[in-house]
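Encoded as structure tokens, the structure appears first; notes follow it.
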Amino acid sequence: MISAAVISVFIAGILLSCIFIIYERNSPTGTLAWLLAMIFFPFAGLLMYFIFGRHRVRMRIKLIRAIRESVGDLRQKLDLKGSFNEVIKGHPKYEDLMRLAYNFPGPPPTAGNSVVLQGSAKESYPDMLRTISEAKEHVHAMYYIIRPDESGRKLMDALVERAKAGVEVRLLYDDIGSWSMKLKFFRPLIEAGGTVREYRPVHFSRIRTFYANFRNHRKMLIVDGKTAFTGGINIGDEYLGRDKKIGNWRDTNIKVTGPAAAHLQLTFAEDWYYVTGELLTQAYVNPGRQTGGEIVQVVPSGPDRYREHISHIFFTAITSARKRLFIASPYFVPDESVLTALTAASLRGVDVRLLFPKNWDRRIIKYASRSYYREMLEAGCKIYEYGNGFMHAKTMSVDGDLGIVGTANMDIRSFRLNFEVCTVCYSAKVASDLEHQFMRDLEDAEEIRLKRFSKRPRPEVFLENIARLTSAVL
């Protein structure tokens, strides 16, 4: 028999958790979802909140003080107001978007960048390894997932070779995303003089450090502060299509050479300082020379910010669309503002097309995502599901003159709970390349029609509605 004392402690835990949920001032939807979970599924709700819902306020204060105050000098070196004003004059259509990202606060848009889109790991990995081999001063990498397979070993071999040559190598990886990694995998790099750190390590022996939220979902490789890679591609053989269960893996990376690479370097410097306490000096972060004609603005986002930067950027980009809007995302659990922006864009005549996977890697995500289909289809949005393997690209193109490539999914977890980064390219070339890739992907996709979708079985509709209630923590 369970004693009255145990029951009392359990009830007290539920009540205290409810107080914390209300105190944290999440969105009304998220707050209600947690409170309902506590009421109807008290044991599971308390456990889930302990794992997924805690530490927000305390971590926010810690990060803001540590990063903003200590990395501020580096940011000021790159934050040239005069340059910002010059760039903004040439793009009146997207002036609001540029100012929004700058006033978060965030980096200004920079001119003179060279941008290359890479549509798969088969294309990106060789270029990344070649760029690492040419490093003269330092190599900085942050990845949510690094696998101890052939792809992971090739990256380690390249980093070890540079470290032995005297190049400074710093590597961060997220402890949840790279759950299978062992320290011995990184030992050759450490012995060669490189530095490796876990981002927010999980220790079951210390319960207070077991948290699944606030993970670093960024994927960045920056070489000599001049060339950077970011996007959806992590490090692992599955990204090369070698996982038999998944098959082909469709993804998008962006390679940036020029001043914007320094802003990605700054984002890495913030992550590095939070984990290690080591402040990278201004020698690591400088604007660099102009190498091309593209304007790029780097937008980092995370729970350490006061505002949901990525969500704001997506919303503003969507509302700026006048002709066409193409979005690809592996996960689609939007907040109300982004959902409203999408349906409103379609209703005012914009050609809105969204591309998601047909074979979702998590069933609950599939049901939650599909719970939004009907209202979008009724508004005139066109929805496609990619069937040639797994669609993992995270891209947006607007009117053929704005392109966004980043690490963020179009879901509440990326908007509010994870650390993300995206590159906003005010470029007809980048937008055109994204549109062409999107149209090629549609050849391997099936369009979801409203009439047929409306006839799906009632049990499936019920599961979708249940999954949607959990969208705040997916």
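The analysis underlying the following values was restricted to heavy atoms, covering all of them including side chains, and did not include hydrogens, waters or symmetry mates.
- At least one side-chain heavy atom of Lys154 sits under 4.5 Å from a side-chain heavy atom of Leu129.
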Apply salt bridge (Lys or Arg N to Asp or Glu O under 4.0 Å) to Lys245 and Glu238, showing your working.
CA-CA 9 Å; Lys245 294 181 180 179; Glu238 69 262 39; over 6 Å; no
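- With rounding to the nearest 0.5 angstrom, the CG atom of Asn409 is 4.0 Å from the OG atom of Ser414.
- For the pair Asp411 (side chain) and Phe332 (backbone), a donor-acceptor distance under 3.5 Å is absent.
- Of all non-hydrogen atoms in Ala431 and Ser397, the two that sit nearest each other are O-CB, 4.0 Å.
- Using a 4.0 Å cut-off between charged nitrogen and carboxylate oxygen, Lys93 and Glu95 do not count as a salt-bridge pair.
- Relative orientation of the His140 and Tyr284 rings is tilted, given thresholds of 30° and 60° on the angle between their planes.
- A cation-pi geometry, defined here as NZ or CZ lying under 6.0 Å from the six-membered ring centre and within 45° of its normal, holds between Arg468 and Tyr372.
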Apply side chain to side chain contact (heavy atoms under 4.5 Å, CB included) to the pair Met98 and Val87, showing each step before the final yes or no.
CA-CA 9 Å; Met98 290 182 179; Val87 170; 4.2 Å; yes
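- With contacts defined as side-chain heavy-atom distances shorter than 4.5 Å, the pair Met142/Tyr173 does not qualify.
- Asp149 and Arg153 are not joined by a salt bridge, as no carboxylate oxygen comes within less than 4.0 angstrom of a charged side-chain nitrogen.
- Under 4.0 Å is where a charged nitrogen must lie from a carboxylate oxygen, and between Arg374 and Glu464 no such pair does.
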Checking side chain to side chain contact (heavy atoms under 4.5 Å, CB included) for the pair Phe229/Lys219: CA distance, chi angles, key distance, verdict?
CA-CA 8 Å; Phe229 298 79; Lys219 300 98 176 162; over 6 Å; no
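- When atom types are taken as modelled, the side chain of Thr316 and the backbone of Ile313 share no donor-acceptor pair closer than 3.5 angstrom.
- Within 6.0 Å of NZ on Lys429 lie more than 12 heavy atoms contributed by other residues, nucleotides or ligands.
- Nearest approach of Arg215 to Tyr199, heavy atoms of both residues: NH2-O, 2.8 Å.
- The distance from atom SG of Cys381 to atom CG of Leu354, rounded to the nearest 0.5 Å, is 6.0 Å.
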Verify side chain to side chain contact (heavy atoms under 4.5 Å, CB included) between Cys422 and Thr407, making sure each step is shown before the conclusion.
CA-CA 6 Å; Cys422 71; Thr407 68; over 6 Å; no
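- Judged by distance alone, the side chain of Glu435 and the main-chain N or O of Gly400 form a donor-acceptor pair under 3.5 Å.
- Closest approach of Leu240 to Ser151, counting heavy atoms only: CD1-OG, 3.3 Å.
- At a threshold of 4.5 Å between non-hydrogen side-chain atoms, the residues Val421 and Met220 count as touching.
- Glu294 and Ser427 are linked by a side-chain donor-acceptor pair at a separation below 3.5 angstrom, with hydrogens and angles left out of the test.
- The backbone N or O of Ala317 sits less than 3.5 Å from a side-chain atom of Ser320, completing a donor-acceptor pair.
- At distances below 3.5 Å, at least one donor-acceptor pair connects side-chain atoms of Arg218 with backbone N or O atoms of Glu420.
- With 3.5 Å as the limit, one finds a donor-acceptor pair spanning the side chains of Tyr239 and Asn234.
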Checking side chain to side chain contact (heavy atoms under 4.5 Å, CB included) for the pair Leu402/Val424: CA distance, chi angles, key distance, verdict?
CA-CA 7 Å; Leu402 175 72; Val424 183; 3.6 Å; yes
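- Here Phe356 and Tyr331 keep their ring centres 6.0 angstrom or further from each other.
- Closest heavy-atom contact between Asn359 and Gly389: ND2-O, 3.9 Å.
- Side-chain N/O atoms of His138 and Lys136 include no donor and acceptor closer than 3.5 Å.
- Remark: the backbone N or O of Tyr386 is not paired with any side-chain donor or acceptor of Glu446 at under 3.5 angstrom.
- Checked by atom type and distance alone, the side chain of Ser346 never pairs as donor or acceptor with a backbone atom of Thr343 at under 3.5 Å.
- Closest non-hydrogen pair, Glu123 versus Gly119, comes out as OE1-N, 3.0 Å.
- Classification of Lys382 and Glu447 as a salt-bridged pair fails, no side-chain N sitting under 4.0 Å from a carboxylate O.
- Distance check, rounded to the nearest 0.5 Å: CD of Glu150 to CG of Leu155 gives 12.5 Å.
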Check the pair Tyr373 / Glu385 against side chain to side chain donor-acceptor pair (under 3.5 Å), numbers first and verdict last.
CA-CA 11 Å; Tyr373 280 15; Glu385 290 187 340; 2.9 Å; yes
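- Between atom CG of residue Leu264 and atom OG1 of residue Thr423 there is a gap of 7.5 Å, rounded to the nearest 0.5 Å.
- A parallel orientation is assigned to the rings of His309 and Phe104, their planes being inclined by less than 30° (bins at 30° and 60°).
- Side-chain contact between Asp335 and Phe415: present, with at least one pair of heavy atoms (C-beta onward) separated by less than 4.5 Å.
- By the 4.5 Å heavy-atom criterion applied to side chains, Pro148 and Met181 are counted as neighbours.
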Derivation and outcome, side chain to side chain donor-acceptor pair (under 3.5 Å), residues Asn113 and Gln290:
CA-CA 6 Å; Asn113 297 284; Gln290 297 188 353; over 6 Å; no
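- No side-chain heavy atom of Val405 sits under 4.5 Å from any side-chain heavy atom of Thr230.
- Put simply, the side chain of Thr252 never gets that close to the backbone of Ala393: no donor and acceptor are under 3.5 Å apart.
- Rounded to the nearest 0.5 Å, atoms CD1 (Ile233) and CG (Asn253) are 4.0 Å apart.
- Two residues are said to be in side-chain contact when any heavy atoms from C-beta on lie closer than 4.5 Å; Phe314 and Met396 meet this criterion.
- A salt bridge does not link Asp399 to Lys323: none of the charged nitrogens lies less than 4.0 Å from a carboxylate oxygen.
- A salt bridge does not link Glu168 with Arg162: none of the charged nitrogens is closer than 4.0 Å to a carboxylate oxygen.
- A side-chain donor-acceptor contact under 3.5 Å links Asp441 and Gln437.
- Side chain of Thr131 to backbone of Asp127: a donor-acceptor contact under 3.5 angstrom is found.
- For Asn216 and Asp271, the side-chain atoms include at least one donor-acceptor pair closer than 3.5 Å.
- Within the 4.5 Å cutoff, side-chain heavy atoms of Trp272 are placed close to those of Leu280.
- What you find for Phe315 and Ala341 is that their closest heavy atoms are CD1-CB, 3.7 Å.
- Rounded to the nearest 0.5 Å, atoms CD1 (Ile404) and CD1 (Ile327) are 8.5 Å apart.
- Checked for salt-bridge contact, Asp96 and Arg99 miss the test: no charged N lies under 4.0 Å from a carboxylate O.
- Side chain of Ser369 to main chain of Ile365: a donor-acceptor pair is present (N/O by atom type, distance under 3.5 Å, no hydrogens or angles).
- Among Trp179, Tyr143, Tyr144, Phe419, the one residue that satisfies the side chain to side chain contact (heavy atoms under 4.5 Å, CB included) test with Asp174 is Tyr144.
- For Arg242 and Asp237, the salt-bridge test passes: some basic side-chain N is under 4.0 Å from an acidic carboxylate O.
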